[in-house]
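Notes for the one structure printed next.
This chain uses plain numbering: 1 for the first residue, then up along the sequence.
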Amino acid sequence: MLKVISNTIPILSLLKIDKLWILKELYQQIIIPEAVSNKDFGTLFFDLGAGESEVLILAKEKQADLVILDEIMGRRYAKQLDLKLTGTVGVLLKAKQLNIISSIKEMLMELSVKGTWLSPKLISKSIELAGEK
């Protein structure tokens, strides 16, 4: 089973559109950190919130197969740490590719309407990658 670690923002985003079940379909189990276990490592991420820091620390400690993280700074650190990374949109794209959902465009629009900011460029690129117009 894959070791998948997620921050709360992607989970909350999927909850907003009633699609949290997608995570179980794709990954069966997801680890959400409760507390930083390696305080020394945490000081490396002084410009991140506690949640993002905890995700990165736990991902390194557990040698995670995948990290689900939306925040820009957290994603930069994840890349520096050579962690395999996705976010809410990436989860939706994978679900579309596996025919778990029928339209990513609808879900991106619903996320936007419900207060999740997504750049127009990200929306367009995601719709294109999903083969939708």
Name the atoms and distances for all side-chain donor-acceptor pairs under 3.5 Å in residues 109-129, with sequence neighbours left out.
from	atom 1	to	atom 2	distance (Å)
Glu110	OE2	Lys114	NZ	2.9
Ser112	OG	Leu108	O	3.2
Lys114	NZ	Lys16	O	3.0
Thr116	OG1	Lys16	NZ	2.9
Ser119	OG	Leu122	N	3.0
Ser124	OG	Pro120	O	3.1
Ser126	OG	Leu122	O	2.7

Original post:
Nearest 0.5 Å, what's the CG-NZ distance between Leu85 and Lys79?
Top reply: 6.5 Å
Original post:
Is Val55 reachable from Leu2 through a run of hydrophobic residues whose side-chain heavy atoms are each under 4.5 Å from the next?
Top reply: no
Subject >> In one Ile/Leu/Val/Met/Phe/Trp/Tyr side-chain cluster, 4.5 Å: Leu12, Ile30 >> reply: yes
**OP:** Show your working on side chain to side chain contact (heavy atoms under 4.5 Å, CB included) between Glu54 and Leu58 and close with a plain yes or no.
**Re:** CA-CA 6 Å; Glu54 290 172 5; Leu58 190 60; 6.0 Å; no
Subject >> Non-hydrogen side-chain atoms of Ile100 and Trp21 separated by less than 4.5 Å >> reply: yes
Original post:
Do you reckon Met73 sits in the same ILVMFWY cluster as Val89, going by side-chain contacts under 4.5 Å, direct or chained?
Top reply: no
**OP:** With rounding to the nearest 0.5 Å, note down the distance linking NZ in Lys19 to CG in Leu15.
**Re:** 11.5 Å
Original post:
What distance separates Gln97 CD from Ile104 CD1, expressed to the nearest 0.5 Å?
Top reply: 8.5 Å
**OP:** Supply the atom-to-atom distance Gln29 CD to Met1 CE, rounded to the nearest 0.5 angstrom.
**Re:** 5.5 Å
**OP:** For the pair Lys60 (side chain) and Leu81 (backbone), establish whether a donor and an acceptor sit closer than 3.5 Å, ignoring hydrogens and angles.
**Re:** yes
Original post:
About how many Å separate CD1 of Ile17 and CD of Glu106, when rounded to the nearest 0.5 Å?
Top reply: 10.0 Å
Subject >> Heavy-atom pair with the smallest gap, counting every atom of Pro33 and Ser6 >> reply: CD-O, 3.6 Å
Original post:
Side-chain heavy atoms under 4.5 angstrom apart, residues restricted to Ile, Leu, Val, Met, Phe, Trp, Tyr: same cluster for Leu23 and Ile31?
Top reply: no
**OP:** Tell me, yes or no, whether the heavy-atom count around Lys94 atom NZ, taken from other residues, nucleotides or ligands under 6.0 Å, exceeds 12.
**Re:** yes
Subject >> ILVMFWY network linking Ile22 to Val4, side-chain heavy atoms under 4.5 angstrom >> reply: yes
Subject >> Gap separating the CG atom of Leu20 from the CD1 atom of Ile11, nearest 0.5 angstrom >> reply: 6.5 Å
Subject >> For Glu132, all residues meeting salt bridge (charged side-chain N to carboxylate O under 4.0 Å, His left out), sequence neighbours excluded >> reply: Lys96
**OP:** Could you check Tyr27 against Val91 for side chain to side chain contact (heavy atoms under 4.5 Å, CB included), going step by step and ending with a plain yes or no?
**Re:** CA-CA 10 Å; Tyr27 308 114; Val91 167; 4.2 Å; yes
Tabulate below the donor-acceptor pairs under 3.5 Å that side-chain atoms of residues 63-71 make, not counting sequence neighbours, or state none.
from	atom 1	to	atom 2	distance (Å)
Asp65	OD2	Lys3	N	2.7
Asp70	OD1	Thr88	N	2.8
Asp70	OD1	Thr88	OG1	3.4
Asp70	OD2	Thr88	OG1	2.5
Glu71	OE1	Asn7	ND2	3.1
Glu71	OE2	Asn7	ND2	3.2

